[in-house]
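Reading through the structure tokens given below for one structure.
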Amino acid sequence: MIIIENVAVATVDADGTEFPDGHVVVGDDGRIAAVGAGRSELAGERVNGAGCLVTPGLVNTHHHLYQWATRGLALDETLFGWLTTLYPIWGRLDAEIVGAAAGAGLGWLALSGCTTSMDHHYVFPRDGGDVLAAEIEAARSIGIRFHPTRGSMDLSRKDGGLPPDHLVEDTDEALAATEAAIDRWHDPAPDSMLRIAVAPCSPFSVTTRLMEEAAVLARRKGVRLHTHLAETDDEEEFCLKQFGCTPVEYAERVGWLGDDVWLAHGVHLDDAAIVKLGTTGTGVAHCPSSNARLGTGAARVRELVDHRVPVGLGVDGAASQEVSHLGAELRQALYTARQRGGPKAMDAREALRLGTIGGARCLGRQDDIGSIEPGKLADLVMWRLDGLGHDGIDDRVAALVFGPPARVDLALVGGRRIVERGELVNADADTLTANARRAHRRLLDVS
Ligand SMILES: [Zn+2]
């Protein structure tokens with residue numbers, strides 16, 4: 001048993017229960033045994049949380065870990081300009097580079113308060129080796145709960161798509177490889193550390209047949225579906241020209257709306273699209289920093305939440321927003337909502353909900369993670385809030401969201417420590433940095 005006490009607790013349960021001075025007890029089964037006010041009478045290892053706030057671990061709903069190897073490039077481009085600059089470089093990816101990038105990206109995420117992350121990997125060079133296995137191994141070495149997706153692209157420039165011809169897969173090969181990845185890796189257990197989803201990349205890099213058959217495959221296997229949608233005006237223009245409809249109308253046409261689907265971005269949505277996402281229970285991974293870095297626009301998060309769309313937060317790939325810090329995304333989400341809708345558009349607690357239970361809903365894990373309630377998995381973060389950056393902001397949740405990114409003093413995944421006193425427990429940050437630097441230099445062919 002671990003008993004965290006003398007600590008502020010924001011449970012993010014349905015009633016928004018908080019304890020200014022409370023405790024959380026983690027059982028030997030890796031689940032939350034108790035949460036409440038004051039001290040616990042139970043016996044166990046005691047952790048003094050003075051000066052800290054405990055929240056559910058953050059859930060990252062959109063990422064491309066391999067992009068850690070190509071940070072800092074195409075800094076002033078639109079999405080399509082950025083992609084066409086980076087595609088040729090990504091064509092040289094291999095398992096060693098992806099493993100090093102994933103180790104750095106996941107280690108950094110853990111230090112930013114993330115305990116569950118998805119990854120959207122859609123680049124599979126022919127001679128690149130087993131890149132999915134490489135990132136799964138990286139996640140195990142950090143100890144983070146992992147939801148990698150088997151992505152794919154099969155629509156290249158010669159067929160009217162955006163990626164170069166050598167970067168796409170054959171449609172049937174991509175589907176077969178996706179099914180093989182599910183069979184090999186997917187664990188549906190309630191305490192699963194590893195679940196696979198099916199994730200063709202985007203309307204402008206994937207054929208209609210792949211979209212349709214991917215949806216059929218995912219439903220046959222009982223796994224979730226993920227893709228990019230409605231990220232830019234360029235994409236909307238592409239859909240109107242190619243398919244004669246908006247991105248969300250296209251998603252509906254190919255069987256991609258439902259409570260087993262979550263979409264990255266959802267920036268350019270009209271009222272009808274928001275209603276449709278809400279009534280079908282289709283989730284949205286909101287990536288405000290990436291949207292700002294690429295200048296793609298600001299998602300209508302207030303309206304999405306009001307229409308009961310499950311909304312989570314995502315850092316998106318490290319090459320489209322170099323911060324890649326999920327804790328910082330809480331504030332960015334709040335700022336983005338307020339820049340659209342004024343100061344009432346989002347408060348600190350709603351930002352925290354998006355980053356925790358909202359993300360869990362996107363990944364289909366709301367029964368297991370995303371809030372601190374007895375019986376749920378003990379995926380927790382204890383944030384230090386008594387230093388220069390936060391002290392004096394008496395509302396502890398406001399201190400976390402409005403203040404600078406807070407140090408993680410303790411992060412637990414299923415009751416197991418992955419971060420302690422701002423350091424990774426299972427990996428060495430300097431080694432991750434050196435491995436990622438080597439991967440970056442080899443990929444860019446610089447010494
Ligand atoms: Zn993305």
Side-chain angles (χ1 to χ4, degrees), residues 59-71 73-74 77-87 89-90 93 98 101-102 105-106 108-109 114 117-124 131-132 135 146-153 155 161-163 167 197-206 211 214 224-236 238 247 251 256 261-269 282-299 311-326 329 332-333 336 359 362-363:
V59 178
N60 183 31
T61 59
H62 188 62
H63 207 347
H64 312 285
L65 288 164
Y66 73 89
Q67 291 181 9
W68 197 275
T70 56
R71 298 202 299 165
L73 303 174
E77 292 286 348
T78 64
L79 175 69
F80 280 16
W82 177 87
L83 280 169
T84 46
T85 305
L86 291 172
Y87 280 142
I89 302 170
W90 295 342
L93 285 173
V98 171
L106 290 168
W108 182 242
L109 272 177
C114 175
S117 183
M118 68 82 73
D119 187 55
H120 188 183
H121 193 92
Y122 53 84
V123 183
F124 294 87
V131 295
L132 199 57
E135 64 172 32
F146 198 36
H147 282 225
T149 65
R150 208 301 181 176
S152 46
M153 302 194 290
L155 184 71
L162 195 69
L167 215 59
V198 175
C201 187
S202 63
F204 51 85
S205 60
V206 174
M211 288 299 286
R224 299 179 77 77
L225 284 161
H226 180 66
T227 192
H228 293 100
L229 207 83
E231 182 174 4
T232 65
D233 284 327
D234 288 341
E235 178 196 323
E236 173 140 344
F238 178 92
W256 271 73
V261 181
W262 85 107
L263 306 167
H265 302 298
V267 172
H268 297 274
L269 300 173
T282 308
V284 169
H286 176 40
C287 307
S289 291
S290 171
N291 298 155
R293 198 280 209 184
L294 290 168
T296 58
V311 178
L313 299 181
V315 297
D316 203 0
S320 71
Q321 76 105 345
E322 280 73 2
V323 184
S324 302
H325 188 290
L326 194 53
E329 217 65 15
Q332 191 66 36
T336 300
C362 285
L363 299 187

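Indexing begins at 1, ligand by ligand and atom by atom, following the structure's order.
For H63 and D119, the side-chain atoms include no donor-acceptor pair closer than 3.5 Å.
The Zn ion (ligand 1) has no N, O or S atom of E231 inside 2.8 Å of it. Residue contact annotation: H62 places an N/O/S atom under 2.8 Å from the Zn ion (ligand 1). Residue H228: an N/O/S atom is found under 2.8 Å from the Zn ion (ligand 1). With 2.8 Å as the limit, C287 does not count as an N, O or S neighbour of the Zn ion (ligand 1).
Counting heavy atoms from C-beta outward, H265 and S290 have side chains that approach closer than 4.5 Å.
For D316, the N, O or S atom with the smallest separation from the Zn ion (ligand 1) is OD1.
Taking the six-membered ring where tryptophan is involved, the planes of H228 and H226 are tilted, since the angle between them lies from 30° to 60°.
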Just do the side-chain contact (heavy atoms from CB on, under 4.5 Å) check on D234 and L79 with the steps written out, would you? CA-CA 9 Å; D234 288 341; L79 175 69; over 6 Å; no
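Within a 6.0 Å sphere centred on CH2 of W90, other residues, nucleotides and ligands contribute more than 12 heavy atoms.
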